[in-house]
Amino acid sequence: MSKFEGVIVSDQWLQSQFTQVELRTLKSKFVSMKNQNGKVTFGDLPSLVKKLKAFTDMYSEDEIRAILCESDTDFTHDVDFESFLRVYLNLQSQATAKQGGRRHSSSFLKESVTTLLHTISESEKGCYVAHINSYLGGDPFLKQYLPLDPATNDLFDLAKDGVLLCKLINVAVPGTIDERAINAKRKLSLWERNENHTLCLNSAKAIGCTVVNIGTQDLVEGRPHLVLGLISQIIKIQLLADLNLKKTPQLVELVEDSQEIEELLSLSPEKVLLKWMNFHLQRGGYHKTVKNFSSDVKDGEAYAYLLNVLAPEHGTPSTLDTKDTNERANMVLEHAEKIGCKRYLSPKDIEEGSSNLNLAFVAQLFHHRSGLSTDTKKMSYAKMMTMDDVQTSREERCFRLWINSLGIATHINILFEDVRNGWVLLEVLDKIFPGSVNWKHATKPPIKMPFKKVENCNQVVKIAKQLRFSLVNVAGNDIVQGNKKLILALLWQLMRFTMLQLLKNLRSHSQGKEITDADILKWANRKVKSTGRTSQIDSFKDKSLSSGIFFLELLSAVEPRVVNWNLVTKGESDDEQKLNATYIISVARKLGCSIFLLPEDIMEVNQKMILTLAASIMYWSLQQQGEDASDSFPSPAGTATTTTPEASPAPSVCGEDESSSLGGELSNLSVDDATSDTTVSSQLESEGALVGDEL
């Protein structure tokens with residue numbers, strides 16, 4: 001197999017800002033500018049950058065030169081590729097501010113929180129502050145700080161200790177964080193703040209937020225654009241949580257037949273919300289189709305029709321008769337208040353077409369009065385269509401969250417539907433194995449021609465086979481057809497591959513010795529024993545693991561401060577096991593493990609999930625402490641990277657910090673035992689295709 005080579009940048013954060021396609025293109029442009037001495041100077045950059053498509057219509061050469069002058073640049077000095085990339089990001093940030101908008105503003109859940117965009121919307125801040133005041137005003141700890149004043153920076157100041165963000169995550173998806181693991185007191189040390197923010201970021205990923213390029217230090221400092229971006233995602237996940245057939249089978253009323261139900265299953269929550277809105281607008285006699293939450297609702301007419309259908313008892317003809325859009329917007333909000341929708345946005349927000357706030361407003365209307373019938377026959381059919389066995393449902397959740405945590409451009413809503421065109425799988429392959437995808441032979445969605453989807457999926461299968469994945473008698477069309485078993489098996493092997501390469505990279509000093517399940521088991525037992533405790537396990541199927549005690553002892557062994565033993569139960573009853581399992585997951589995330597398993601996986605001793613949890617803790621421990629792991633494999637002490645609590649995590653090849661991303665990549669391995677760890681890794685090594693070599 002030929003070795004794929006991507007463009008590797010030494011600064012991992014910088015690399016995470018670009019896709020491999022972008023890096024290869026920029027590298028080619030940069031190389032073409034080199035003079036006869038093989039160098040590029042800062043003086044060469046204005047003409048080079050002006051030719052880039054992103055800036056052709058945005059800047060003149062003089063404007064670019066002026067921006068470079070702002071940083072006291074000496075135009076005679078040589079510039080390397082990484083400096084060129086930083087110049088590119090600076091210009092991109094200023095271009096975004098110049099346009100007065102944000103990338104991907106039409107679909108918040110597809111946004112990555114980045115450090116490039118430093119402007120915030122005061123209207124959005126006011127809306128989110130009102131939401132926080134409403135939902136957390138009665139919280140026993142936070143009530144001493146609430147309500148917040150939207151006209152001040154109180155929100156960002158309060159967010160600095162991490163308690164607010166953790167509790168907001170639990171409002172969005174109840175039970176995500178065991179609140180016993182939150183450091184909640186008036187004065188926190190820097191270490192305790194860092195723990196809260198680490199718990200917050202790893203938990204945010206576990207509910208589907210994209211938090212690429214944001215570290216704990218960013219939150220400790222309360223950087224407004226990053227804090228607001230994260231809060232926005234959390235709130236929108238809460239507002240859109242029920243916009244699917246599984247949670248709200250009444251949505252089946254929006255479609256006519258089984259084929260349309262399948263189409264409804266594949267829609268993102270935002271598109272389902274638009275479909276619901278247009279369904280009622282058509283019933284109310286509105287002859288336009290609303291296609292977005294910005295320009296199509298700015299005049300307020302669509303809202304007036306929608307509310308007249310949902311709450312005719314509060315309607316008035318004057319809402320439509322008025323020619324003043326501001327007056328109409330105000331009447332719309334008054335109408336909405338009468339059915340229980342709190343006024344989070346202003347008439348001005350409607351007039352200006354603020355997409356995030358309008359989406360939130362329509363979601364509120366849906367929750368308060370959906371206007372859908374309860375046709376039991378249709379609802380039963382919808383439930384049947386969305387029914388998966390428990391194991392498949394858990395695996396779908398884990399794979400979906402893992403993919404979304406990688407920071408790729410596409411956001412996954414329904415795993416089995418969203419991967420069928422092959423594009424997402426190609427993005428994942430390019431992210432974890434740079435340079436593996438031939439983008440010239442790939443077709444980007446929307447894809448109308450079925451054979452183009454097959455071509456994408458054929459390339460996925462081809463690359464997977466080159467990586468020595470087990471895909472016997474598998475073709476691209478099997479993915480296009482939505483074969484769930486195949487899709488899960490393929491993603492399992494992708495995660496396994498990523499795990500092996502991260503571990504291989506961590507142990508680059510181990511002279512090629514592969515890690516096995518037995519190594520991880522031996523390490524875990526040795527670590528617990530080193531603290532004087534007697535708990536030991538025979539395997540990752542050991543039924544004693546269901547109590548949770550062993551993992552709490554392991555976590556305490558790698559970081560004695562992290563477990564509060566006063567909160568630990570004996571784990572004898574189901575309720576006690578549930579308490580311990582929930583606490584384990586939050587403590588592991590608080591430590592720095594990005595994991596997606598559920599308490600039930602620990603209680604039921606799901607072997608794969610148990611293994612991945614142990615491996616994630618092991619990876620974190622070896623990275624943090626540089627400990628001697630010679631009992632498991634040869635390893636000189638002090639070779640692992642040591643980080644300080646106050647340092648923001650450095651992003652890995654997957655766009656996250658290495659210490660946390662392994663947990664995410666490990667925690668989803670839950671499908672199949674067919675592929676041998678040592679076989680896959682040694683085969684790949686012999687072909688020279690290890691991601692570890694690329695890092």
Side-chain angles (χ1 to χ4, degrees), residues 177-178 180-181 195 199 202 499 503 515-633 635 637 640 659 662-663 666-667 669-670 673 677:
I177 295 176
D178 187 332
R180 296 175 298 171
E195 283 187 328
L199 173 60
N202 286 320
M499 172 192 70
L503 288 172
I515 195 170
T516 65
D517 295 3
D519 289 329
I520 300 172
L521 180 68
K522 186 176 181 180
W523 173 85
N525 278 326
R526 178 173 57 81
K527 198 68 182 172
V528 171
K529 187 176 181 180
S530 70
T531 64
R533 298 183 184 275
T534 58
S535 296
Q536 297 284 281
I537 55 173
D538 297 326
S539 71
F540 292 117
K541 294 187 290 185
D542 195 315
K543 293 300 181 184
S544 67
L545 287 166
S546 63
S547 71
I549 300 298
F550 181 82
F551 273 116
L552 288 165
E553 291 180 347
L554 179 59
L555 287 163
S556 181
V558 300
E559 175 47 70
R561 297 176 63 261
V562 81
V563 176
N564 182 347
W565 286 99
N566 293 325
L567 303 176
V568 177
T569 72
K570 293 181 180 180
E572 295 175 347
S573 66
D574 288 346
D575 289 342
E576 288 185 344
Q577 289 178 3
K578 181 71 175 287
L579 284 170
N580 283 353
T582 304
Y583 188 53
I584 288 168
I585 292 171
S586 289
V587 167
R589 287 175 179 155
K590 182 178 179 178
L591 192 66
C593 301
S594 179
I595 49 178
F596 301 125
L597 78 167
L598 296 169
E600 289 77 13
D601 293 316
I602 298 174
M603 296 169 64
E604 297 170 10
V605 193
N606 181 322
Q607 182 184 2
K608 290 297 181 182
M609 290 296 181
I610 293 291
L611 167 63
T612 59
L613 175 59
S616 178
I617 297 169
M618 176 182 177
Y619 187 91
W620 183 89
S621 177
L622 294 180
Q623 267 204 324
Q624 297 297 312
Q625 301 172 17
E627 64 183 64
D628 183 0
S630 57
D631 286 349
S632 296
F633 45 78
S635 167
S659 64
L662 174 79
L666 289 175
S667 65
L669 310 181
S670 56
D673 290 306
D677 290 356

**Request:** Report the C-alpha distance between Asn202 and Ile595 in whole Å, list the side-chain angles of each, state the deciding distance to 0.1 Å, and finish with yes or no for side chain to side chain contact (heavy atoms under 4.5 Å, CB included).
**Result:** CA-CA 7 Å; Asn202 286 320; Ile595 49 178; over 6 Å; no

Measure the [atom1]-[atom2] distance between [X] and [Y] for me, rounded to the nearest 0.5 Å.
X	Y	atom1	atom2	result
Leu199	Glu195	CG	CD	9.0 Å
Glu572	Ser547	CD	OG	9.0 Å
Met603	Asp574	CE	CG	5.0 Å
Thr612	Ile617	OG1	CD1	9.5 Å
Phe596	Arg589	CZ	CZ	7.5 Å
Ile549	Ile537	CD1	CD1	13.5 Å

Would you name the heavy atoms of [X] and [Y] that are closest together and state the gap between them?
X	Y	result
Ile520	Ala615	CD1-CB, 3.8 Å
Ala581	Pro599	CB-O, 3.6 Å
Ser586	Asp178	OG-N, 2.8 Å
Phe550	Gln536	CE1-CA, 4.2 Å
Leu552	Tyr583	CD2-CD2, 3.7 Å
Ser556	Trp565	OG-NE1, 3.6 Å

Close side-chain approach of Asp601 and Leu598, heavy atoms under 4.5 Å | yes

Exercise for review: Please examine the side chains of Phe551 and Asn580, heavy atoms only from C-beta on, and report whether any two atoms are closer than 4.5 Å.
Suggested key: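 Answer no - side chains too far apart.
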
Residues Thr569, Asp575; criterion side chain to side chain contact (heavy atoms under 4.5 Å, CB included); working and verdict | CA-CA 9 Å; Thr569 72; Asp575 289 342; over 6 Å; no

| Donor + acceptor pair across side chains of Ser544, Asp542 (<3.5 Å) | yes

**Study point:** Side-chain donor/acceptor of Trp523 to backbone N/O of Met618, under 3.5 Å
**Key:**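 Side chain of Trp523 to backbone of Met618, a donor-acceptor pair under 3.5 Å: no, none is there.
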
Check your understanding: So, does Arg180 use its side chain to make a donor-acceptor pair with the main chain of Leu579 at under 3.5 Å?
Key ->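 A pair under 3.5 Å: yes.
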
**Asked** So Lys527 and Leu554, side chain to side chain contact (heavy atoms under 4.5 Å, CB included) or not? Walk me through it.
**Response** CA-CA 7 Å; Lys527 198 68 182 172; Leu554 179 59; 3.9 Å; yes

- [ ] Step by step, work out the side chain to side chain contact (heavy atoms under 4.5 Å, CB included) result for Ile602 and Leu613.
- [x] CA-CA 9 Å; Ile602 298 174; Leu613 175 59; 4.1 Å; yes

